[in-house]
Amino acid sequence: MNIWNGEHRRIYMQEVGTRDGFQSEGTFVETRDKIALIDALSNTGMAKIEVTAFVSPQAIPALRDAEIVLREIQRKPGVVYTALVPNVRGAERAIDARADELNLVMSASESHNLSNLRMTREQSFNALKQVATLARGAGLPVNISLSCAFGCPMEGDVPVSTVLEWTRRFIEEIGARGVTLCDTTGMAYPRQVADLTAQCIKRWPHSEFTLHFHNTRGMGLANVLAAIDAGADRFDASLGGIGGCPYAPGASGNVCSEEIVHALELMGFDTGIDLDALIAASKCLPPLIGHDTPSQIVKAGRRLDLHPLPADFAAIRERAWQRDSPERARG
Ligand code: COA
Ligand code: ZN
């Protein structure tokens, strides 16, 4: 495929702003505001929305209202409402609140797994195995998000063989329907992304792979394009580009949903997203979180959102024309 011509190829966008975004905010976003924002996002064309996380409220106080939010949003048919789950306790809560899918999480890096989840990777894996059994019993599909798949802020490079082995265990031992390769702190670069994406899709062609990038070093969009070139069609992104793991040093925002959609639509991909509705939703964020977002599209507008001519434009043009035909001015 020629990456520069999307040829209407479908790209599935998955919104993570109300989970990855809000988890890192100092301000608690009111429950009713979270619900209203998710309802607005449901009407933008997102394939999946990661509504919240069923984690310890001591670890992530910002999402302590997970049950109410997931129960009270209006479900739009066709949208998958998923929730992040780190352990059996979280899975029971998420199933009870009627999640459509459980998004399990662990890290490819031992240091980050211990910092974030207080377990060794092997302990996490065993917990996830139990969670998957619970999910199966409830008839729910399981996705597993592998943090630090492109590098760990404490350990550095994570060997590709390690990432592939965890992916194998998720798919073959746990029976996960999908795996998300997460670039938790923006360490991924396009060449690396293309290599890992191509290897995963080739080896497990029937699994659903998602790429989850953070724009910490400005490589987010380049990484999305590299992944598409290697065959990926599913991306996590956050409204306004907010986000970040509070237990990963140096973490900052996800790739910004409206920036990615804006770019992909210009390239001819079909994201299924109503960009106007998405930008409108993004403009609701600053009052909720108490600061501006990194969104370049909210700051600059879309490419063809034009600006008025200068106020003295007619006079400028008249003077320019006079240079060509002075008689016209005299006449
Ligand atoms: N939901 C709600 N409460 C939970 C919970 C869950 N999923 N898992 C554990 N808890 C509670 C326990 O009941 C216990 O509460 P208590 O102190 O009132 O008895 C407390 O949290 C500690 O439980 P414990 O099992 O000892 O967990 P821990 O302290 O080792 O923490 C995690 C492990 C995974 C629960 C916690 O680190 C966590 O939630 N991390 C999530 C981090 C995250 O979301 N990071 C960003 C996204 S990648
Ligand atoms: Zn993330």
State, yes or no, whether a side-chain contact exists between [X] and [Y] at a heavy-atom distance under 4.5 Å.
X      : Y      : answer
Ile242 : Glu25  : yes
Leu146 : Thr167 : yes
Glu50  : Leu84  : yes
Gln14  : Phe235 : no
Leu211 : Thr197 : yes

- Message: Looking at every heavy atom in both Leu117 and Ser124, which two are closest together, and how far apart are they?
- Response: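 Here Leu117 and Ser124 meet closest at CD1-OG, 3.9 Å.
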- Item | Shortest non-hydrogen separation from Val298 to Ser282 and the atoms involved | CG2-OG, 3.5 Å
Only distances under 3.5 Å count here; give the side-chain donor-acceptor pairs of residues 126-136 to other protein atoms, sequence neighbours excluded, each with its distance to 0.1 Å.
residue, atom, partner, partner atom, Å
Asn126, ND2, Glu122, O, 3.3
Thr133, OG1, Lys129, O, 3.1
Arg136, NH1, Ile174, O, 3.4

For the side chain of [X] and the backbone of [Y], is there at least one donor-acceptor N/O pair under 3.5 Å apart?
X      : Y      : value
Asp236 : Val16  : no
Asp274 : Thr44  : no
Thr162 : Val158 : no
Thr82  : Glu101 : yes
Asp270 : Arg9   : no
Tyr247 : Ala59  : yes
Asn113 : Met119 : yes
Thr180 : Ser145 : no
Asp157 : Pro159 : no
Ser325 : Gln322 : no

How long is the straight-line distance from [atom2] of [Y] back to [atom1] of [X], given to the nearest 0.5 Å?
X      : Y      : atom1 : atom2 : result
Leu70  : Arg98  : CG    : CZ    : 7.5 Å
Ser257 : Ile273 : OG    : CD1   : 7.5 Å
Leu63  : Ser56  : CG    : OG    : 11.0 Å
Cys256 : Leu278 : SG    : CG    : 7.5 Å
Thr210 : Ile144 : OG1   : CD1   : 12.5 Å
Met187 : Tyr189 : CE    : OH    : 10.0 Å

- Residues two or more places apart in sequence or in another chain: which of them pass salt bridge (charged side-chain N to carboxylate O under 4.0 Å, His left out) with Asp305?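 Partners of Asp305 by the salt bridge (charged side-chain N to carboxylate O under 4.0 Å, His left out) criterion, ordered by chain and then number, come out as Arg302.
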With a 3.5 Å cut-off and no angle check, do the side chains of [X] and [Y] form a donor-acceptor pair?
X      : Y      : value
Ser111 : Glu155 : yes
Asn143 : Glu208 : no
Gln23  : Arg19  : yes
Ser295 : Glu259 : no

- Task: Would you please test Thr216 and Thr185 for side chain to side chain donor-acceptor pair (under 3.5 Å) and show each step?
- Result: CA-CA 6 Å; Thr216 311; Thr185 61; over 6 Å; no
Would [X] and [Y] pass as an ion pair if we require N to O under 4.0 Å?
X      : Y      : answer
Asp96  : Arg71  : yes
Glu265 : Arg303 : no
Glu15  : Lys48  : no

- Query: Which of parallel (below 30°), tilted (30 to 60°) and perpendicular (above 60°) describes Phe125 and Phe170?
  - Reply: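 Taking Phe170 first and then Phe125, their aromatic rings lie parallel (interplane angle under 30°).
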- Task: With sequence neighbours excluded, tell me which residues meet side-chain hydrogen bond (donor to acceptor under 3.5 Å, both in side chains) with Asn87.
- Result: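 Applying side-chain hydrogen bond (donor to acceptor under 3.5 Å, both in side chains) to Asn87 gives none.
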- May I ask you to establish whether Arg93 and Phe54 are in a cation-pi arrangement, using a distance under 6.0 Å from NZ or CZ to the six-membered ring centre and at most 45° from the ring axis? no
- Message: Are more than 12 heavy atoms, taken from residues, nucleotides or ligands other than Lys299, located less than 6.0 Å from that residue's NZ atom?
- Response: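 It does: Lys299 NZ has more than 12 such atoms within range.
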- Item | Greater than 12 external heavy atoms within 6.0 Å of Arg168's CZ |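 It does: Arg168 CZ has more than 12 such atoms within range.
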- Sole candidate of Ile260, Val224, Leu264 that passes side chain to side chain contact (heavy atoms under 4.5 Å, CB included) when paired with Ile11: Leu264
- Would you mind telling me which of Asp39, Thr52, Asp65, Thr18 makes a side-chain hydrogen bond (donor to acceptor under 3.5 Å, both in side chains) with Lys34? Asp65
